[in-house]
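We use all heavy atoms of the structure for the numbers below, so side chains are in, but hydrogens, waters and symmetry mates are not. Chain letters run A, B, ... following the sequence lines, proteins first and then strands; every chain starts at 1. Quick caveat, the model's predicted, so the values are computed rather than measured.
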Amino acid sequence: CSRWEEEKNEDGVKWMQLEHRGPYFVPPYEPLPKDVHFYYDGKPLKLSLATEEVATFYAKMLDHEYTTKEIFQNNFFHDWRKEMTSEEQEIIKDLDKCDFGEIHKYFVDKNEARKALPKEEKQKLKEEADKIQEEYGYCILDGHREKIGNFKTEPPGLFRGRGEHPKMGMLKKRIMPEDVIINCSKDSKIPKPPEGHKWKEVRFDNTVTWLASWTENIQNTLKYIMLNPSSKLKGEKDWQKYEVARRLKDVVHTIRAQYRKDWKSKEIKKRQRAVALYFIDKLALRAGNEKEEGETADTVGCCSLRVEHIQLHPQLDGQEHVVEFDFLGKDSIRYYNKVSVEKPVFKNLQLFMKNKDPTDDLFDHLNTTFLNKHLQHLMDGLTAKVFRTYNASITLQEQLKALTNPEDNIAGKLLSYNRANRAVAILCNHQRSIPKTFAKSMQVLQEKIDAKKKQVEEAQEEVKKAEDEFKDTKDAKAEANVEKKKKLLKRLEEQLAKMNIQATDKEENKQIALGTSKLNYLDPRITVAWCKKFGIPIERIYNKTQREKFAWAIDMTGEDFEF
DNA sequence: CCTGAAGACTCAGAAATATAAGT
DNA sequence: TACTTATATTTCTGAGTCTTCAG
């Protein structure tokens, strides 16, 4: 436990000692073999090195749907031309006349060749990767050797945003040492830049947690090299996050009473704030910062909802005051929900929407800064996102309480856990695309279940037969046989039950992503306590990485922990 | 002091890779 | 046992939230 209980640093100081090797730079571009050609207008054309490299980025993505989109093609072609020599610019004027087919095939083949490599060769590659990990993947922070999260620079390539991103296809440039700022402690061994290069800057800022940073050229924002979630620094922050959420538990009732009162406020701004907060609390919506138009995909959160994103139904499917939400949230994941809301909320929404265009802001007097200022005033450390953490964790705790049957076997209890986890994922709208092999693997499972059912039936008959025989003969051998057959039947029935559970779980899970809530929203202490209480080995819920990340919770939690 | 931009950090699903299960 | 396929884990980096800074 001691590791989590070392003394705290003062005011914003994150470490006293930080030593590392700097980022690992991706290997330089390898030119194409002579017999792999690019064709323009049907004729082979030898490209300059820089032009060729960018061409390979496009060629590699050729069978991806992305490359068929006009925005992608235009952005790519625009940026590609900038890399060309003036001679090349003279010739290559039309993307449609470019043939990347041979280059594409070269990379597909190369990939397959790599997969087909003999075992020893693969082993060798792995050892090389491990060596790099060993050398660059760790740092020393305040005397502890800590794992780094992302120690490699991002390779150059074509930008792929999520959803309808206006910058898709743009060229993401190669990161050079000259772009990189190193952060470490003054008295540490300062990382050496690669031969013949120098760092952009070396600084000694112990009020931040990053080891290195650079500015990315697509959005002009900073990227960082930071520690792995298993590190003490990240673990403590995570713990702190859940402690804030637990404090919200104590005041949430007051806050709810407050926003209900504010629904009737004379100030429109307060009313909007109160309705937005109701959504954030009840539906676990994100805050919704405003975003710069044209720079990113068009997505929204609570405060940035527009009139077009909701529809009001005084009556719907036997419910009153129904709000129908339909918008794209983070990562362009669709949020669709029909919710019966309290009457004053409904009335307020009607008011907010009056005389507005579909593209106008629903909460036109509200932004996240104003909302968060209010929340800060209600509780120290409270911001909009704390509601998501709080509601997620409290839901897990409640669902576990409601769903766990102490009589169940481990598989049954695990199903209950997954269902509780799933309830949270649904609340937070964590979705995934249905796995490509889903239908097939479901069918395979169903066939197995049917086969097992048959076996169970057969076994039942066998038992009956054995029992009849015993009734006739009354001999010990026949009696033993009855026992044997019964045992077999029981085993088969258990197998069948397990398969049925598996099928249910799989079906319920096909479009839901459990990982994000498990990793970021659910206080791990709830899970640890549940495992202890019901005798479930923690490895059945958390894999190795997750156990490392949640080491702080596994260390300190007893079975009576309450969120 | 206010405001918008920059900075720092958390959270997000897809894709790549490793491992287990099936044949 | 060797190969193939399904599943689990890990990596990747984009997309949010919230804080801090500069003019």
Side-chain angles (χ1 to χ4, degrees), chain A residues 12 14 26 64 66 111 114-116 119 122 125-126 129 133 137 149-155 157 159-163 165 167-168 172 181 183 205 207-210 213 215-216 218-229 233-234 237-238 240-241 280 285-292 295-297 299-304 328-333 367-369 371-373 375-376 381-389 392 425 428-433 435-438 440-442 444-445 448 502 506 511-521 542-546 548-549:
Chain A
K14 305 283 169 46
V26 294
H64 202 290
Y66 266 102
N111 240 329
R114 196 172 48 89
K115 268 187 220 156
K119 250 206 309 239
K122 278 186 179 169
L125 286 174
K126 191 170 181 299
Q133 164 79 37
N150 56 322
F151 60 89
K152 292 176 182 166
T153 59
E154 294 173 17
F159 177 80
R160 315 145 71 141
R162 310 280 174 90
H165 202 294
K167 299 199 169 186
M168 66 170 92
K172 211 173 86 164
I181 301 172
N183 192 35
D205 183 354
T207 67
V208 295
T209 65
W210 52 269
S213 72
T215 300
E216 152 276 337
I218 303 288
Q219 324 246 24
N220 229 269
T221 59
L222 285 158
K223 295 253 180 177
Y224 302 93
I225 286 182
M226 288 188 189
L227 294 178
N228 186 272
L233 197 68
K234 293 286 190 191
K237 197 80 193 298
D238 207 35
Q240 208 180 77
K241 172 179 83 183
I280 284 169
L285 299 191
R286 296 186 185 83
N289 287 312
E290 51 264 70
K291 339 201 306 184
E292 213 175 328
E295 294 292 301
T296 61
T299 65
V300 298
C302 186
C303 292
S304 50
L328 296 182
K330 182 178 180 178
D331 289 338
S332 294
I333 299 291
N367 61 40
T368 55
T369 310
L371 176 67
N372 279 335
K373 276 219 174 86
L375 294 176
Q376 178 60 45
L382 186 60
T383 61
K385 83 196 262 289
V386 178
F387 281 87
R388 257 168 95 80
T389 311
C428 293
N429 199 42
H430 291 142
Q431 297 187 35
R432 62 168 180 177
S433 44
K436 280 185 271 302
T437 55
F438 182 83
K440 200 177 142 212
S441 72
M442 201 66 198
V444 169
L445 183 56
K448 274 192 206 160
Q502 202 188 344
K506 197 173 177 131
Q511 218 168 344
I512 296 172
L514 299 183
T516 301
S517 51
K518 198 173 181 179
L519 239 49
N520 302 301
Y521 287 100
Y542 291 142
N543 67 32
K544 185 167 145 281
T545 313
Q546 292 163 341
E548 280 166 9
K549 165 164 177 163

Using the closest heavy atom to pick a nucleotide of DNA chain C for each, name whichever of A/Gln546 or A/Glu154 lands nearer the 5' end.
A/Gln546
Under 4.5 Å between any side-chain heavy atoms of A/Phe387 and A/Leu375, yes or no?
yes
Which part of the nucleic acid, if any, lies within contact of A/Lys518, taking any heavy atom under 4.0 Å across all strands shown: a base, the sugar-phosphate backbone alone, or nothing?
nothing
Quick one: label A/Thr368 by what it contacts on the DNA or RNA (base, sugar-phosphate, nothing), any heavy atom closer than 4.0 Å.
nothing
Does some side-chain heavy atom of A/Cys303 sit less than 4.5 Å from a side-chain heavy atom of A/Leu371?
yes
Checking all strands, does A/Thr299 fall into the base, sugar-phosphate, or nothing category for heavy-atom contacts under 4.0 angstrom?
sugar-phosphate
Using a 4.0 Å heavy-atom cut-off, does A/Lys115 contact any base of the nucleic acid, only the sugar-phosphate backbone, or nothing at all?
nothing
Which is true for A/Lys234 with a 4.0 Å heavy-atom rule: it touches a base, it touches only sugar-phosphate, or it touches nothing?
sugar-phosphate
Using whole Å, what does the distance between atom P of nucleotide B/dT10 and atom NZ of A/Lys241 come to?
8 Å
Please examine the side chains of A/Lys549 and A/Asp238, heavy atoms only from C-beta on, and report whether any two atoms are closer than 4.5 Å.
yes
Closest-nucleotide ordering on DNA chain C, the 5'-leading residue of A/Lys223 and A/Gln133
A/Gln133
Under 4.0 Å, heavy atoms only, any strand: does A/Pro155 hit a base, just the sugar-phosphate, or nothing?
sugar-phosphate
Would one find more than 12 heavy atoms of other residues, nucleotides or ligands at under 6.0 Å from atom NZ of A/Lys373?
no
On the 0 to 90° scale, with breaks at 30° and 60°, tag the A/Phe159-A/His165 ring pair as parallel, tilted or perpendicular.
perpendicular
Rounded to whole Å, please give me the gap between NZ in A/Lys385 and C1' in B/dC9.
9 Å
From CD of A/Glu290 across to P of B/dT3 the rounded distance in Å is 12 Å
Looking at every strand, decide which applies to A/Glu216 at a 4.0 Å heavy-atom threshold: base, sugar-phosphate, or nothing.
nothing
Under a 3.5 Å threshold, yes or no: a donor from one side chain and an acceptor from the other, between A/Thr209 and A/Lys234?
no
Classify the nucleic acid contact of A/Gly288 as base, sugar-phosphate or nothing, counting any heavy atom under 4.0 Å across all strands shown.
sugar-phosphate
Roughly how many Å is it from CZ in A/Phe387 to C1' in B/dT10, rounded to a whole number?
18 Å
Do the side chains of A/Lys330 and A/Asn429 get nearer than 4.5 Å, heavy atoms only?
no
Per the side chain to side chain contact (heavy atoms under 4.5 Å, CB included) rule, which among A/Thr383, A/Leu382, A/Asn367 passes with A/Asn372?
A/Thr383
From CE of A/Met226 over to P of B/dG7, roughly how many Å is that when rounded to an integer?
13 Å
With the side chain counted from C-beta on, respond yes when A/Arg160 and A/His64 share a heavy-atom pair under 4.5 Å apart, and no when they do not.
yes
Do any side-chain nitrogens or oxygens of A/Lys14 fall under 4.0 Å of OP1 or OP2 in B/dC9?
yes
Counting the atoms with a prime plus P, OP1 and OP2 as sugar-phosphate, which does A/Ala297 contact under 4.0 Å by heavy atoms, base, sugar-phosphate, or nothing?
nothing
For every nucleotide of nucleotides 12-23 of chain B, 5' to 3': is a protein heavy atom under 4.0 Å from its base (B), only from its sugar-phosphate (S), or from neither (-)?
SBSS-S----S-
Base, sugar-phosphate, or nothing: which does A/Tyr224 touch, judged by heavy atoms less than 4.0 Å apart?
base
Going 5' to 3' along DNA chain C, which nucleotides are the first and last within contact of chain A (any atom under 4.0 Å from a heavy atom)?
C/dA6 to C/dC18
Checking all strands, does A/Gly301 fall into the base, sugar-phosphate, or nothing category for heavy-atom contacts under 4.0 angstrom?
nothing
Atom-pair distance (CD1 on A/Ile181; C1' on B/dG7), nearest Å:
11 Å
Counting C-beta onward and ignoring hydrogens, is there a side-chain heavy-atom pair between A/Lys167 and A/Glu295 closer than 4.5 Å?
yes
Any side-chain heavy atom of A/Cys428 within less than 4.5 Å of one from A/Arg388?
yes
Under 4.0 Å between any heavy atoms, over every strand shown, what does A/Asn372 touch: base, sugar-phosphate, or nothing? Just pick one.
sugar-phosphate
